[in-house]
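Worksheet: the structure to be examined is printed underneath.
Note that the numbering runs from 1 along the sequence shown for the chain.
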Amino acid sequence: MPKLVLLSEGFTGQTCELKTEVTTVGRLEDNAFCVPEPSVSSHHCEIHLRGNDVVVKDLGSTNGTFIAGIQVTEAVVRPGQILRLGNLQMRLEGDQPAAPPKKQLDQTVVLQTGIKMNDLESGGAKPAAFPTDSQFSKKSNKANLIFIIIGALLGLVVIGLLIYAFKQGGNL
């Protein structure tokens with residue numbers, strides 16, 4: 001029997017088994033599956049069992065009904081797909097537990113070879129040359145040199161003022 005499993009925080013793990021032909025989902029308690037989430041409309045959607053298909057039908061909800069991120073008015077939901085009502089996410093699970101994802105067989109991938117040890121020893125490998133006009137080129141130190149010169153001049157002025165003040169203090 002298919003069931004809806006809530007995934008959103010605060011509702012995680014809550015489920016609704018789809019036992020009847022039509023299951024109503026919404027915020028109010030008169031729904032077969034009541035979900036007290038503000039983004040879910042009072043009567044948000046209906047879930048129909050049609051043969052082996054599970055069909056969701058939006059009931060003109062404010063925030064929409066989405067399957068795998070695509071807004072729908074009526075569409076088939078497959079087991080494992082995410083159904084979103086407003087901000088509430090749920091997953092449809094089938095009769096059987098979801099099969100673990102199939103592991104792909106390891107495939108051999110040919111990787112490009114790097115530098116061989118013999119090339120390094122014989123000097124065969126050359127370091128990469130970067131263009132000098134690159135945005136990563138070395139910046140000039142002119143700004144540092146200017147600050148050093150200004151600092152030195154200010155230091156000399158301070159020393160000169162101290163000497164002048166000391167001589168003036170001695171003449172009083």
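To the nearest 0.5 Å, the span separating CZ on R91 from NZ on K3 amounts to 9.5 Å. Between the CG atom in N31 and the CD atom in E46 there is a gap of 9.5 Å [rounded to 0.5 Å]. The CG atom of L145 sits 10.0 Å away from the CD1 atom of I150 when rounded to the nearest 0.5 Å. To the nearest 0.5 Å, atoms CD (Q89) and OG1 (T12) are separated by 10.0 Å. Between the CD atom of Q14 and the SG atom of C34 there is a distance of 9.5 Å, given to the nearest 0.5 Å. One distance of note links CG of L6 with SG of C16; it measures 8.5 Å at 0.5 Å rounding.
Residues V25 and F11 are members of one and the same hydrophobic cluster, defined by side-chain heavy-atom contacts under 4.5 angstrom among Ile, Leu, Val, Met, Phe, Trp and Tyr. Placement of V77 and L49 within a single hydrophobic cluster is found when ILVMFWY residues are connected by side-chain heavy-atom separations under 4.5 Å, directly or transitively. The hydrophobic cluster containing L88 also contains I67, counting ILVMFWY residues as joined when their side-chain heavy atoms lie under 4.5 angstrom apart, directly or transitively. In the hydrophobic clustering of ILVMFWY residues, with side-chain heavy atoms under 4.5 Å counting as a link, V5 and V56 come out apart. By the criterion of side-chain heavy atoms lying less than 4.5 angstrom apart, applied directly or through intervening Ile, Leu, Val, Met, Phe, Trp or Tyr residues, L162 is not grouped with L154; the two fall into different hydrophobic clusters.
Proximity of T65 to L83: side-chain heavy atoms (C-beta onward) are separated by under 4.5 Å at one or more points. Inter-residue side-chain proximity for L4 and I47 is flagged as met; some heavy-atom pair is nearer than 4.5 Å. A heavy-atom distance below 4.5 Å is not found between the side chains of L92 and R78. At a threshold of 4.5 Å between non-hydrogen side-chain atoms, the residues C45 and L85 count as touching. Contact check for P79 versus E93: no side-chain heavy atoms found under the 4.5 Å cut-off.
Side-chain N or O atoms of S61 include one that pairs as donor or acceptor with a backbone N or O of G64 at under 3.5 Å. Side-chain atoms of T20 come within 3.5 Å of backbone atoms of V22 as a donor-acceptor pair (strictly under, hydrogens ignored). No side-chain donor-acceptor contact under 3.5 Å links H44 to the backbone of T62. At least one donor-acceptor pair under 3.5 Å links the side chain of R27 to the backbone N or O of V40. A side-chain donor-acceptor contact under 3.5 Å links S39 to the backbone of N87. Between the T73 side chain and the D58 main chain, no donor and acceptor come within less than 3.5 Å of each other.
Of all heavy-atom pairs between L7 and I82, the closest is CD1-CD1, 3.4 Å. Taking both residues in full, the closest heavy atoms of L59 and H43 are given as CB-O, 3.5 Å, listed atom of the first, atom of the second, then distance. Taking every heavy atom of both residues into account, T15 and F33 meet most closely at O-CE1, 4.1 Å.
Atom CG of D30 has more than 12 neighbouring heavy atoms from other residues, nucleotides or ligands inside a 6.0 Å radius.
Side-chain polar atoms of D53 and H48 form no donor-acceptor pair below 3.5 angstrom.
Under a 4.0 Å N-O distance rule, the pair R84/E37 does not qualify as a salt bridge.
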